[in-house]
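To start, I am sharing the structure in question, which I have written as structure tokens.
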Amino acid sequence: MRLGLALGYWGRGPDPGHLELAQEAERLGYHSVWTAESWGSDAFTPLTWLAAHTTRIALGTAVAQMAARTPTATAMQALTLDHLSGGRMMLGLGLSGPQVVEGWYGRPFPKSPLTATREYVEVIRQVLNRTAPVRLDGRYHPHPYAGPDAIGLGKPLKPIVHPLRADLPVLLGAEGPKNIAQTVRIADGWLPLYWSPSRTELYQAALAEAREGFMVAPMAQVRVCADVAEGLKPVKAMLGFYIGGMGHAARNFHADLMARFGYEEEARRVQELFLAGRRGEAIEAVPDAFADEISLVGPRERIAERLELWRKGPITDLLALAPDRETLRVLAELAG
């Protein structure tokens with residue numbers, strides 16, 4: 001099981017410690033570092049900055065939002081950064097949800113998310129393969145565009161730049177069972193948002209068809225601390241925001257995922273409190289048990305014991321949301 005450092009997206013501004021953490025992760029032998037985006041900082045610019053200040057560590061987006069760019073624009077950014085970094089780029093993609101897609105990007109959320117995702121990946125594959133101009137008779141991402149408002153002069157093109165790698169890894173953030181199953185078929189890896197090493201049966205059927213080399217790379221908050229309850233507070237804050245605020249009351253993929261973990265009543269309660277403006281109560285309503293099973297928090301000995309559970313499953317890469325250099329060091333020693 002390889003280690004990665006997940007830096008997420010910025011809050012109110014850039015985190016001055018992110019570069020130091022990435023450099024420390026590289027020094028400690030971490031395989032990868034990952035950036036993200038929501039509706040603030042983008043994923044690619046910070047990753048390019050990290051690429052310029054490191055030499056070996058692989059670079060990934062976890063995740064870049066599909067609604068933010070056309071698939072060809074995303075492919076251009078990926079192949080460009082792959083060249084600049086000497087072949088270290090890994091492209092992690094996510095569809096996001098209706099509130100973000102329609103509210104932030106001003107685009108319709110696809111009625112068939114699986115089809116939209118499949119077409120998006122297909123266009124990127126064609127760009128990276130560069131064997132022919134991009135052509136796709138698609139519902140969401142047709143190339144050339146030939147809709148009712150088209151001028152009709154669209155020309156199939158292939159990238160001027162020769163991609164460094166046709167097999168640049170493409171990973172998908174997927175949460176629903178059908179989405180995960182499709183990810184196994186069309187992508188090079190899966191980026192689970194939550195992972196419980198004690199509930200691997202939830203993913204067993206979908207991952208049964210995974211080919212050799214397929215990456216399973218969940219994110220987990222990792223924190224070395226004496227007080228477990230105190231260490232879980234940031235985990236619960238993250239969960240409260242995602243489950244309560246990252247989606248509509250009637251359609252929230254994160255809340256649905258928590259429900260599949262066996263916490264349906266608790267997930268709906270978190271949503272109810274968050275949407276009522278009672279955010280502190282929503283965070284408190286996140287069960288400690290749920291926060292604990294998807295993270296690695298506590299004294300070194302406790303993390304070491306629980307890390308063995310993560311090793312036993314199908315995980316290939318553990319992407320650690322680690323807040324400090326000491327936690328990075330301890331995790332590297334335990335994983336080594």
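The model shown is predicted, which means the values in this text are computed figures rather than measured ones.
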Worked verdict on Tyr242 versus Met258 for side-chain contact (heavy atoms from CB on, under 4.5 Å): CA-CA 10 Å; Tyr242 271 76; Met258 182 176 171; over 6 Å; no
For atom CD of Glu305, decide whether the heavy atoms of other residues, nucleotides or ligands shown that lie under 6.0 angstrom number more than 12.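 No, the 6.0 Å shell around CD holds no more than 12 heavy atoms from other groups.
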Do Ile283 and Phe290 belong together in a cluster built from hydrophobic side chains that touch within less than 4.5 Å?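 Different clusters: Ile283 never reaches Phe290 through Ile, Leu, Val, Met, Phe, Trp or Tyr contacts under 4.5 Å.
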Does Lys233 pair with Asp227 as a salt bridge, N-O distance under 4.0 Å?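 No.
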Using side-chain heavy atoms (C-beta onward) and a distance below 4.5 Å, is Val123 in contact with Val134?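 Sidechains of Val134 and Val123: in contact.
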Kindly give the heavy-atom pair with the smallest separation between Phe274 and Ala282, and that separation in Å.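 Shortest heavy-atom contact: N-CB, 3.7 Å.
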Would you mind reporting whether Leu191 and Leu319 have side-chain heavy atoms less than 4.5 Å apart?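 The answer is yes; the side chains approach within 4.5 Å.
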Does the pair Glu24/Arg27 count as a salt bridge with the N-to-O cut at 4.0 Å?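 Between Arg27 and Glu24 there is a salt bridge, with a charged N closer than 4.0 Å to a carboxylate O.
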Taking atom CD of Glu301 and atom CG of Leu334, what is their separation to the nearest 0.5 Å?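 If I round to the nearest 0.5 Å, the distance is 9.0 Å.
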Return each pair, listed once, that meets side-chain hydrogen bond (donor to acceptor under 3.5 Å, both in side chains) where at least one residue sits in residues 158-181; pairs must be two or more places apart or across chains.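 Those involving residues 158-181 are Asp82-Arg165, Arg130-His162, Glu175-His254.
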If you measure from CG on Leu207 to OG1 on Thr200, what distance do you get to the nearest 0.5 Å?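 Between atom CG of Leu207 and atom OG1 of Thr200 there are 9.5 Å.
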How does the hydrophobic cluster around Leu153 look, that is, which other residues are in it when side-chain heavy atoms under 4.5 Å mark a link?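 Other cluster members: Ile151.
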Ser41 side chain vs Trp10 backbone, donor-acceptor pair below 3.5 Å: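 Flag set: sc Ser41 to bb Trp10 pair under 3.5 Å.
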Exam field: side chain Tyr30 to backbone Leu328, donor-acceptor pair closer than 3.5 Å: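 Flag set: sc Tyr30 to bb Leu328 pair under 3.5 Å.
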Verify side-chain contact (heavy atoms from CB on, under 4.5 Å) between Val161 and Thr80, making sure each step is shown before the conclusion. CA-CA 9 Å; Val161 175; Thr80 301; over 6 Å; no
If I take atom CG from residue Asp324 and atom CG from residue Leu21, how far apart are they, to the nearest 0.5 angstrom?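 Asp324 CG to Leu21 CG: 7.5 Å, rounded to 0.5 Å.
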Inspect the contact between Glu266 and Arg269 and indicate whether a charged nitrogen and a carboxylate oxygen are less than 4.0 angstrom apart.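 Not counted as a salt bridge, because no side-chain N and carboxylate O are separated by less than 4.0 Å.
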Minimum-distance pair of heavy atoms, taken over all atoms of Ser295 and Ala220: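 Closest approach of Ser295 to Ala220, heavy atoms only: CA-CB, 4.4 Å.
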Quick one: which residue pairs count as a salt bridge (Lys or Arg N to Asp or Glu O under 4.0 Å) with a foot in residues 33-52, not counting sequence neighbours?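 Sorted result for residues 33-52: Glu37-Arg69.
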Out of curiosity, does Leu164 fall in the hydrophobic cluster containing Leu79 (side-chain heavy atoms, cut-off under 4.5 Å, transitive links)?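 No, Leu79 does not connect to Leu164 through the hydrophobic network.
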Side-chain (Asn129) to main-chain (Arg125) donor-acceptor, under 3.5 angstrom: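 Such a contact is found between Asn129 side chain and Arg125 backbone.
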Determine the minimum heavy-atom distance between Ala187 and Phe214, stating which atoms define it.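 Smallest interatomic distance, heavy atoms only, reads O-CE1, 3.5 Å.
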Counting only N and O atoms by type, is there a donor-acceptor contact under 3.5 Å from the side chain of Thr61 to the main-chain atoms of Leu91?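 It does not hold such a pair.
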Could you check whether any side-chain heavy atom of Arg2 comes within less than 4.5 Å of a side-chain heavy atom of Ser32, counting everything from C-beta outward?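 Side-chain contact under 4.5 Å: no.
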If I take atom CG from residue Leu309 and atom CG from residue Leu296, how far apart are they, to the nearest 0.5 angstrom?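 Going from CG on Leu309 over to CG on Leu296, the span is 9.0 Å.
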Can you confirm whether Arg88 sits close enough to Ile57 that some side-chain heavy atom of one is under 4.5 Å from a side-chain heavy atom of the other?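 Yes, their side chains come closer than 4.5 Å.
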Side-chain (Arg279) to main-chain (Gly240) donor-acceptor, under 3.5 angstrom: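 Not confirmed, Arg279 side chain does not pair with Gly240 backbone.
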For the pair Arg329 and Glu326, find out whether any cationic side-chain nitrogen is under 4.0 Å from an anionic carboxylate oxygen.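 A salt bridge is present here (some side-chain N lies under 4.0 Å from a carboxylate O).
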Does the Glu119 side chain pair with the main chain of His141, one donor and one acceptor, at a distance under 3.5 Å?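 Side chain of Glu119 to backbone of His141, a donor-acceptor pair under 3.5 Å: yes, one is there.
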How about Trp310: does its CH2 atom have over 12 heavy atoms from other parts shown lying under 6.0 Å from it?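 Counting other residues, nucleotides and ligands, CH2 of Trp310 exceeds 12 neighbours.
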Just by distance, no angles: are the side chains of Tyr120 and Thr74 close enough, under 3.5 Å, to form a donor-acceptor pair?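 Judged by distance alone, the side chains do pair up.
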Under the 3.5 angstrom rule, does the side chain of Gln126 hit a backbone N or O of Ala132 as a donor-acceptor pair?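 No, the answer is negative, given that no donor and acceptor are paired below the 3.5 Å cut-off.
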Does Leu81 share a hydrophobic cluster with Leu5, counting links as ILVMFWY side-chain heavy atoms below 4.5 Å and allowing steps through other members?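 They do share one cluster, since a chain of ILVMFWY contacts under 4.5 Å joins Leu81 to Leu5.
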Point-to-point distance, once rounded to the nearest 0.5 Å, from CG of Leu50 to CG of Leu19: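 So the gap between those two atoms works out to 6.5 Å.
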What is the minimum heavy-atom distance between Thr183 and Gly189, and which atoms define it?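 It is CG2-O, 3.5 Å.
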Hey, is the main chain of Val216 close enough, under 3.5 Å, to the side chain of Thr316 for a donor-acceptor pair?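 The answer is yes, because a donor-acceptor pair under 3.5 Å joins these two groups.
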Do the side chains of Leu59 and Val33 get nearer than 4.5 Å, heavy atoms only?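 In contact.
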Donor-acceptor pair, side chain of Trp190 and main chain of Ala174, under 3.5 angstrom: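 Judged by distance alone, yes, a pair lies under 3.5 Å.
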In terms of hydrophobic clusters joined by side-chain contacts under 4.5 Å, are Val100 and Tyr140 together?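 No, Val100 and Tyr140 fall in different hydrophobic clusters.
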Stepwise side-chain contact (heavy atoms from CB on, under 4.5 Å) test for Ile124 and Leu168: CA-CA 10 Å; Ile124 289 174; Leu168 186 155; over 6 Å; no
Min side-chain heavy-atom separation Ser96-Trp39 under 4.5 Å: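 Side-chain contact under 4.5 Å: no.
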Salt bridge flag under 4.0 Å for residues Glu265 and Arg268: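 Answer for the salt bridge query: no.
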Apply the test salt bridge (charged side-chain N to carboxylate O under 4.0 Å, His left out) to residues Arg211 and Asp188: give CA-CA distance (whole Å), side-chain angles for both, the deciding distance (0.1 Å), then the verdict. CA-CA 9 Å; Arg211 60 189 177 280; Asp188 301 302; 3.2 Å; yes
Are more than 12 heavy atoms from other residues, nucleotides or ligands located less than 6.0 Å from atom CD of Glu102?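 More than 12 within 6.0 Å, yes.
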Look at atom CD of Glu209 and say whether more than 12 heavy atoms of other residues, nucleotides or ligands are closer to it than 6.0 Å.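 No - once you tally the heavy atoms of other residues, nucleotides and ligands closer than 6.0 Å, there are 12 at most.
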Are Leu3 and Leu28 close enough that some pair of their side-chain heavy atoms sits under 4.5 Å apart?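 SC-SC contact between Leu3 and Leu28 ruled out.
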Tell me whether the rings of Tyr194 and Phe261 are parallel (<30°), tilted (30 to 60°) or perpendicular (>60°).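 Geometry flag for Phe261 against Tyr194: perpendicular rings.
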Heavy-atom side-chain contact between Glu230 and Val297 under 4.5 Å: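 They are not in contact (no side-chain heavy atoms under 4.5 Å apart), so the answer is no.
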Do other residues, nucleotides or ligands put more than 12 heavy atoms under 6.0 Å from the CE atom of Met1?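 It does: Met1 CE has more than 12 such atoms within range.
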Test applied, side-chain contact (heavy atoms from CB on, under 4.5 Å); reference residue, Gln182; option that passes from Thr117, Val121, Thr115, Leu172: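 Only match with Gln182 under side-chain contact (heavy atoms from CB on, under 4.5 Å): Thr117.
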Donor-acceptor under 3.5 Å (Arg223 side chain, Thr327 main chain):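 The answer is no, because no donor-acceptor pair under 3.5 Å joins these two groups.
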Minimal non-hydrogen separation, Ala78 against Phe44, with atom names: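 It is N-CE2, 4.4 Å.
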State, to 0.1 Å, how close Glu293 and Arg306 come at their nearest heavy-atom pair, and which atoms those are.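 Between these two residues, the closest heavy atoms are CA-NH2, 3.5 Å.
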Same cluster (ILVMFWY, side-chain, under 4.5 Å), Leu84 and Val127: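 Shared cluster, no.
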If you round to the nearest 0.5 Å, how far is NE2 of His18 from NE2 of His53?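 Going from the NE2 atom of His53 to the NE2 atom of His18 covers 15.0 Å.
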